[in-house]
Amino acid sequence: MKKKLLVILTVMCLLLGAFAMTGCGKDPEPAKITDGIYEWTLGDGMSAFYRFREDGTYYAKDWLETDAGTYEVKDESFTYEGSGIDGAAEGTEVSGTTTKKVVTNSYTRGVKEFGLAEDGLYGADAPFAQIKNRVFKHKPDFEYDDSKEAASPIYTFYFDNVEGATLVLYHNKTFEDFIGETGIEGTWTKETNGSFKLTADSNVYTLTVSGKSASYIKGTDTLELWNYISNGSVKATFEATAQVNVLGAFDADFRIELYDDYSCKAILNNSLIPVADANGDLVVDTGTWELDMTTGMPVVKFVFETAGNIDSVFAADSTGIEISFETKIFVVAADVDFDSLLKLPMDKLIDLNF
C-alpha cells in the first residue's frame, strides 16, 4: 500500500511539474505582428505577403511588384467592407470592424491603413495596385529569413538621359550610384522633410524626389535626375475616326500619341485638311500625360493646353480604355468645334508599363 501511494505521489509530482513548466495551463501568448508573414493567395502560384519587422519596417511582395517602408500599430478601430478572402473568387468577401489597425508609410507610395486582427490583415492592398481590399491571413509559424531578401529597387533615377548613369535606392536602405567615373555604394535614411540622406563612407549626399524628377546634391554639384529615359518614341496611341466640318464635312483619322517623356499630341490626319502637313497631320492640341493606379485600375490623366484636364475611363464593352476629347481647332480663319471618343485597346495597355 505504501509503495502504491508512493507511485501515485510521484506521478502527481511529475504532472505538477509539467503544469508548472507550461504556465499551469495558461493560454499561450498571442502571436505578434512580427511573427511570420501575412499572406493572400490568388492561386496558380501567385500570392502576396507582408513581413513586419521588429525595427518598425515592413516589406511587401507579390508576383509583380514590391513595396517597403515603416509601420505603426494603433489601438484604433478599422472598418472594412467586402474584403476578399480568396483572390477574386466571388462569395468570399467579408465585412466588419477590427479593434486595431496597422498604418503603413511606404517609402514611395504614401500612407495606407489596414485592419489588424489576431488572424490577419483586413482591407489590405497588395503592392500591385489592382489587388485591393483583401484579407491577408497571418501565418505566424512561417519561417521567413530576412537575410535572403533580394534588394528590390524602390527608386531608379537617370542622369543626362543616359541608360547607365543611374542612382538606385533599394528597399533594404542601401543605394548604388553609377553617375560619374566610379560607382558608389552606401546606405540611406529618409528625413522628416521627405528627402533622402545618402551616406557612403564619410560622404553625405541629399536626394529630393518630386514626381518623375529628383534633385541630387552630390558634393558641390546639384544634379537633375529623371525616373525615365526618353528617346522621343511613342509609348501608346489612342485612336478614333472623327468628322471635321470645314469646307464640307469629311472623316479624318484622329489619334493622341503618348511619348516616353510623358508629353502628348492630339493629331488629326487627312490630306483634305487645308493646313495639314505633308503627311496629312494637323496637331490640334499638346499636353502631358501620366498613368494613375491609385484606384486599382489604370487611368491615364491628360493635361492639354486647350482641352484641359481629361481622364480616361474603361470602355463600356471592356475592350480598352477611352477618353472623350472636346476642343476647338483653328482652320481657315475660323474656330471649328471638334469632339471625338478615342480608345486604347486592352492589349495595348501593357505599353504604358503599368
Step by step, work out the ring-ring contact (aromatic ring centres under 6.0 Å, His included) result for F304 and F325.
CA-CA 10 Å; F304 288 101; F325 185 92; 5.2 Å; yes

Residues in ring pair (Phe, Tyr, Trp, His ring centres under 6.0 Å) with F175, at least two apart?
none

List in chain and number order the residues that pass ring pair (Phe, Tyr, Trp, His ring centres under 6.0 Å) with Y262, two or more places apart in sequence or in another chain; answer none if no residue qualifies.
Y228, W289

Are the charged groups of D125 and R134 less than 4.0 angstrom apart, N to O?
no

Could you work out, with salt bridge (charged side-chain N to carboxylate O under 4.0 Å, His left out) as the rule, every residue matching D311, not counting sequence neighbours?
K301

E54: which residues meet the salt bridge (charged side-chain N to carboxylate O under 4.0 Å, His left out) condition with it, sequence neighbours left out?
K32

How does the hydrophobic cluster around V168 look, that is, which other residues are in it when side-chain heavy atoms under 4.5 Å mark a link?
Y170

Name all residues meeting the side-chain hydrogen bond (donor to acceptor under 3.5 Å, both in side chains) criterion together with N309; count only those two or more places apart in sequence or in a different chain, and write none if there are none.
none

May I ask you to check whether F114 and Y71 place their ring centres under 6.0 Å from each other?
no

Residues Y155, F157; criterion ring-ring contact (aromatic ring centres under 6.0 Å, His included); working and verdict
CA-CA 7 Å; Y155 278 120; F157 286 101; 5.6 Å; yes

Residues that K61 engages under side-chain contact (heavy atoms from CB on, under 4.5 Å), provided they are two or more places apart:
F49, Y59, T66

Give a yes or no answer on whether the side chain of N193 reaches the backbone of S195 with a donor-acceptor pair at less than 3.5 Å.
yes

Between N269 (side chain only) and D253 (backbone N and O only), is there a donor and an acceptor less than 3.5 Å apart?
no

Can you list everything that forms a side-chain contact (heavy atoms from CB on, under 4.5 Å) with F178? Sequence neighbours excluded, please.
T166, E176

Under 3.5 Å, sequence neighbours excluded: what are the donor-acceptor pairs made by side chains of residues 72-82?
residue, atom, partner, partner atom, Å
E76, OE1, K101, NZ, 3.0
T79, OG1, T97, OG1, 3.2

Roughly how far, to the nearest 0.5 Å, is the OH atom of Y107 from the OG1 atom of T57?
5.5 Å

Can you tell me if K265 has over 12 outside heavy atoms packed within less than 6.0 Å of its NZ?
no

Using a 3.5 Å distance criterion without hydrogens, assess whether the side chain of D285 forms a donor-acceptor pair with backbone atoms of T306.
yes

Salt bridge (charged side-chain N to carboxylate O under 4.0 Å, His left out): which pairs involve residues 138-157, sequence neighbours left out?
E39-K139, R51-D146, R53-D146, R53-E149

Y58-I154 co-clustered via ILVMFWY side chain contacts under 4.5 Å
no

May I ask you to decide whether R109 forms a salt bridge with D67, counting only side-chain N to carboxylate O separations under 4.0 Å?
yes

Do I85 and E93 have side chains that get closer than 4.5 Å, going by heavy atoms?
no

Ring centroid separation Y38 to F52 under 6.0 Å
yes

Does any non-hydrogen side-chain atom of T286 lie less than 4.5 Å from one of C264?
no

Tell me yes or no: between the side chains of D119 and Y122, is some donor less than 3.5 Å from an acceptor?
yes

Taking ILVMFWY side chains as joined if any heavy atoms are under 4.5 angstrom apart, and letting links pass through other members, which residues group with V111?
V103

Examine distances only and state if a side-chain atom of T98 and a backbone atom of G115 form a donor-acceptor pair shorter than 3.5 Å.
no

Taking every non-hydrogen atom, the tightest pair across A126 and A48:
CB-CB, 3.9 Å

Just wondering, are more than 12 heavy atoms of other shown residues or ligands nearer than 6.0 Å to NZ in K343?
yes

Do any N or O atoms from the side chain of N231 and from the backbone of S233 form a donor-acceptor pair under 3.5 angstrom?
yes

Can you list, pair by pair, the side-chain donor-acceptor contacts under 3.5 Å of residues 196-217, counting residues two or more places apart and other chains?
residue, atom, partner, partner atom, Å
S213, OG, S210, O, 3.1
Y216, OH, D177, OD2, 2.9

Measuring only between side-chain heavy atoms, which start at C-beta, is H138 closer than 4.5 Å to L121?
no

Under the 3.5 angstrom rule, does the side chain of S106 hit a backbone N or O of T108 as a donor-acceptor pair?
yes

